Amino acid sequence: MDFLELAKTRYSVRSFAPQPVEQEKVDLLLQAAQAAPTAVNFQPYRILVLQEQEALSKLKDCTRYHFDAPLALVVLADHATSWKRKYDGKDAAEVDAAIVGTHIMLQAVALGLGSTWVGYFDPSALREAYHVPENLEPVAVFPVGYPAKGCKPSAQHTQRKPLEEIVIYNQF
Ligand SMILES: Cc1cc2nc3c(=O)[nH]c(=O)nc-3n(C[C@H](O)[C@H](O)[C@H](O)COP(=O)(O)O)c2cc1C
């Protein structure tokens with residue numbers, strides 16, 4: 001599969017088969033995350049891997065979008081170690097974490113898995129459930145697993161603005 005095909009094949013999977021994700025595949029998801037570029041290569045992020053029942057059940061107190069997935073990864077941005085732009089103090093932590101999350105989502109597709117970027121969670125509940133220190137900001141939760149039989153993209157998956165609307169060439 002070439003890259004564009006992979007990118008287009010990805011869709012938000014919100015229904016999972018109960019079968020667990022093999023540890024070798026979890027390792028590959030984490031290696032894809034590790035390969036992500038970050039500002040000044042500071043790598044200011046952490047990833048929580050939730051695969052045991054107790055850890056997964058706590059996620060249900062943090063978000064309704066857990067989809068009963070057999071695995072969830074939580075990407076946390078580390079504001080203590082991230083690059084800050086000198087001109088305006090802009091903190092790259094969240095951007096770096098977003099690239100990490102994107103690598104995870106695309107690697108999942110390459111492995112026959114599915115996931116959804118979940119931003120709708122209660123950050124305080126998540127901090128409490130997983131003892132997240134102050135400097136780490138939960139950016140996204142990724143429920144991951146094998147798509148349930150018959151799982152298909154939502155209508156939103158095909159709704160993309162035309163390129164003419166989103167691209168600006170050579171504007172002066
Ligand atoms: C930053 C961000 C936050 C999102 N939060 C949620 C969420 O909390 N729950 C959910 O079901 N989907 C969530 N999504 C998935 C989007 O709804 C989805 O990507 C979009 O509708 C396009 O559909 P597709 O991923 O199937 O192409 C989120 C996506 C992004 C990028």
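When reading the values below, keep in mind they use all heavy atoms of this one structure, side chains included, and skip hydrogens, waters and symmetry mates. Just follow the structure's listing: the first ligand is 1, and inside any ligand the first atom is 1. Just so it is clear, the structure is predicted and the values come from calculations on it, not from any experiment.
- One finds the NE2 atom of His79 at 10.0 Å from the OG1 atom of Thr81 (value rounded to the nearest 0.5 Å).
- Within a 6.0 Å sphere centred on CD of Gln19, heavy atoms belonging to other residues, nucleotides or ligands number more than 12.
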List the atom pairs, with distances to 0.1 Å, where a side-chain N or O of residues 147-155 and a protein N or O form a donor-acceptor pair under 3.5 Å, not counting sequence neighbours.
{"residue": "Ser154", "atom": "OG", "partner": "Gln156", "partner atom": "N", "Å": "3.2"}

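- Taken to the nearest 0.5 Å, the CG atom of Leu73 stands 7.5 Å off from the CG atom of Leu50.
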Go ahead and list the nitrogen or oxygen contacts between ligand 1 and the protein that come in under 3.5 Å, distances to 0.1 Å, or just say none.
{"residue": "ligand 1", "atom": "5 (N)", "partner": "Trp117", "partner atom": "O", "Å": "3.2"}
{"residue": "ligand 1", "atom": "5 (N)", "partner": "Gly119", "partner atom": "N", "Å": "3.0"}
{"residue": "ligand 1", "atom": "8 (O)", "partner": "Gly119", "partner atom": "N", "Å": "3.2"}
{"residue": "ligand 1", "atom": "8 (O)", "partner": "Tyr120", "partner atom": "N", "Å": "2.9"}
{"residue": "ligand 1", "atom": "11 (O)", "partner": "Arg14", "partner atom": "NE", "Å": "2.8"}
{"residue": "ligand 1", "atom": "11 (O)", "partner": "Arg14", "partner atom": "NH2", "Å": "3.4"}
{"residue": "ligand 1", "atom": "12 (N)", "partner": "Arg14", "partner atom": "NH2", "Å": "3.1"}
{"residue": "ligand 1", "atom": "14 (N)", "partner": "Trp117", "partner atom": "O", "Å": "2.9"}
{"residue": "ligand 1", "atom": "17 (O)", "partner": "Arg14", "partner atom": "NH2", "Å": "3.3"}
{"residue": "ligand 1", "atom": "19 (O)", "partner": "Ser12", "partner atom": "OG", "Å": "3.4"}
{"residue": "ligand 1", "atom": "21 (O)", "partner": "Gln156", "partner atom": "OE1", "Å": "3.0"}
{"residue": "ligand 1", "atom": "25 (O)", "partner": "Arg10", "partner atom": "NH1", "Å": "2.9"}
{"residue": "ligand 1", "atom": "25 (O)", "partner": "Arg10", "partner atom": "NH2", "Å": "3.1"}
{"residue": "ligand 1", "atom": "25 (O)", "partner": "Ser12", "partner atom": "N", "Å": "3.4"}
{"residue": "ligand 1", "atom": "25 (O)", "partner": "Ser12", "partner atom": "OG", "Å": "2.6"}
{"residue": "ligand 1", "atom": "26 (O)", "partner": "Ser12", "partner atom": "N", "Å": "2.9"}
{"residue": "ligand 1", "atom": "26 (O)", "partner": "His157", "partner atom": "ND1", "Å": "3.4"}
{"residue": "ligand 1", "atom": "27 (O)", "partner": "Arg10", "partner atom": "NH2", "Å": "3.0"}
{"residue": "ligand 1", "atom": "27 (O)", "partner": "His157", "partner atom": "ND1", "Å": "2.6"}
{"residue": "ligand 1", "atom": "27 (O)", "partner": "Arg160", "partner atom": "NH2", "Å": "2.9"}

Audit row: Asp27, Gln23, side chain to side chain donor-acceptor pair (under 3.5 Å) steps and yes/no: CA-CA 6 Å; Asp27 292 342; Gln23 187 59 45; 2.9 Å; yes

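- Residues Asp96 and Pro37 share a closest heavy-atom pair of OD1-O, 4.4 Å.
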